[in-house]
2 protein chains.
Amino acid sequence: MALNDSQRQSKRAWERLGSRADGAPRAAELTAVALELFAQKSFSAVSIKSIGEAAGANSALIYYYFKDKEDLFRACIESAVEQSFEHFIALSKNRDDPAGTISGWLNTHVELYLTLRKMVKVSLDYKSSSAVLPSVEKSYQRFYAQEAEVLEACVREGVARGLFTHADPQAICELTSTFLDGAMVRSIILPEFDVETAVGHFREFLWRALGYEPAK
Amino acid sequence: MALNDSQRQSKRAWERLGSRADGAPRAAELTAVALELFAQKSFSAVSIKSIGEAAGANSALIYYYFKDKEDLFRACIESAVEQSFEHFIALSKNRDDPAGTISGWLNTHVELYLTLRKMVKVSLDYKSSSAVLPSVEKSYQRFYAQEAEVLEACVREGVARGLFTHADPQAICELTSTFLDGAMVRSIILPEFDVETAVGHFREFLWRALGYEPAK
DNA sequence: GTCTATAAAAGGATAGAC
DNA sequence: GTCTATCCTTTTATAGAC
């Protein structure tokens with residue numbers, strides 16, 4: 001797997017001083033391992049040594065591929081956002097069935113909550129640090145823009161077809177993503193929380209609020 | 001302000017070895033300052049020295065009142081849960097007006113989201129560490145039991161009076177708290193997120209899903 | 001590319017003066 | 001009770017061998 005744009009960008013940025021070869025499969029490996037750890041604990045609770053160890057490599061190797069710990073963290077966030085994003089993009093195609101698409105979007109959160117909550121967790125950590133990394137901000141922007149576009153388009157389409165009533169697309173979209181974020185957090189905080197059940201309840205609630213009658 | 005039960009308990013626990021005076025106003029001060037920092041950053045991102053500095057005291061003082069950093073953290077979590085809990089307890093009295101109580105509960109989250117999101121943030125950190133502290137678990141249990149009791153009772157009462165339709169009290173309760181947790185998280189992650197607006201939208205949707213017509 | 005060794009700094013925690 | 005001084009450990013990061 002090749003480095004993505006932002007990773008390549010950051011390599012270039014710090015390699016102006018050191019000058020080192022480009023294109024690295026091992027960097028992606030390290031990023032994956034680090035993301036796992038950063039999502040489990042927190043940025044400062046994870047040591048460079050533990051990342052190296054988990055990746056089966058010496059910690060010094062990390063500094064070959066990344067400028068410093070923060071640079072690795074940045075790569076992790078972007079990777080988490082990217083992974084989440086890719087799973088959504090498939091749903092964007094299906095504009096014919098608004099309720100089906102929304103439903104699919106909810107299901108995606110159930111199936112991939114392990115991936116998605118990594119993104120939420122790491123995002124919290126990132127936002128808690130006062131650092132502002134332009135490439136990370138761009139990732140987020142892209143993700144949320146896509147999310148809004150898909151959901152709002154579905155609601156508008158549903159209203160246009162007379163399937164939904166009373167719907168403010170933006171409000172519905174925000175409501176839904178806020179709930180889903182809550183579900184991700186709760187699945188971390190409450191051991192007995194069941195994402196599938198909770199999302200199922202939300203779907204019923206949403207249909208009722210939208211005045212939608214599922215055909216069945 | 002006197003130490004609360006759990007703080008006193010923990011002091012007793014480690015003082016069996018050291019034997020030191022009880023009842024400390026300064027301990028509460030240190031806890032408050034530390035909670036602020038732990039909520040802003042994360043457990044391991046906050047140093048003992050920085051806590052002392054923020055409290056206008058030497059970091060060594062912390063070890064006079066607390067066994068170690070984790071013990072201080074525990075006191076912070078319990079304090080955060082306790083603060084959130086106290087704001088809820090007032091609402092528990094009002095059983096005559098189900099919709100009003102639910103509404104008040106939502107408003108509480110708007111007004112006190114700065115306090116409540118501290119609890120969410122610190123809880124995430126706590127649950128991410130593998131530590132299990134019995135006194136903290138007890139705090140949580142108390143909080144969630146109270147939350148469930150208030151909300152579920154409201155929904156049941158509303159159904160009994162014919163104000164609400166189709167309502168599964170437990171599902172509504174979980175739905176609502178999950179949404180509110182999501183709102184807390186989003187207010188951290190997204191700078192432009194407005195808790196008041198989001199909760200306002202949720203209220204409308206809840207009423208619609210419950211088949212409730214606000215008198216007005 | 002990957003490792004060993006190590007410098008340099010920061011953090012948690014304690015002893016003891018006041 | 002609160003502070004100074006200090007110890008010990010961990011951690012980030014670099015230099016340089018292979």
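So you know, we letter chains A, B, ... as the sequences are listed, proteins then strands, and number each from 1. When reading the values below, keep in mind they use all heavy atoms of this one structure, side chains included, and skip hydrogens, waters and symmetry mates.
- The OH atom of A:Tyr64 sits 10 Å away from the C1' atom of C:dT2 (whole-angstrom rounding).
- Nearest-nucleotide positions on DNA chain C place A:Gly56 closer to the 5' end than the other of A:Gly56 and A:Lys49.
- When distances run from any side-chain atom of B:Arg26 to the nucleotides C:dG12, D:dT12, D:dT2, the shortest one goes to D:dT2.
- Nearest to the side-chain atoms of A:Ala57 among the listed nucleotides D:dT2, D:dT11, C:dC3 stands C:dC3.
- The side chain of A:Asn58 has C:dC3 as its nearest neighbour among C:dC3, C:dT14, C:dT2.
- A straight line from CD of A:Glu29 to C1' of C:dT2 spans 13 Å, rounded to a whole angstrom.
- For A:Glu78 and A:Tyr140, the side-chain atoms include no donor-acceptor pair closer than 3.5 Å.
- Residue A:Glu53 contributes atom CD, which lies 14 Å from atom C1' of D:dT11 at whole-angstrom precision.
- Relative to the side chain of A:Tyr63, the nucleotides C:dA13, C:dC3, D:dT14 differ in distance, and D:dT14 lies closest.
- In summary, B:Glu149 and B:Arg156 do not engage in a salt bridge, as defined by a charged side-chain N under 4.0 Å from a carboxylate O.
- Between B:Cys76 and the choices B:Leu37, B:Val136, B:Val81, B:Leu35, the side chain to side chain contact (heavy atoms under 4.5 Å, CB included) rule is met once, by B:Leu35.
- Between C:dT4, D:dT2, C:dA15, one nucleotide has an atom nearer to the side chain of B:Ala60 than all others, and that is C:dA15.
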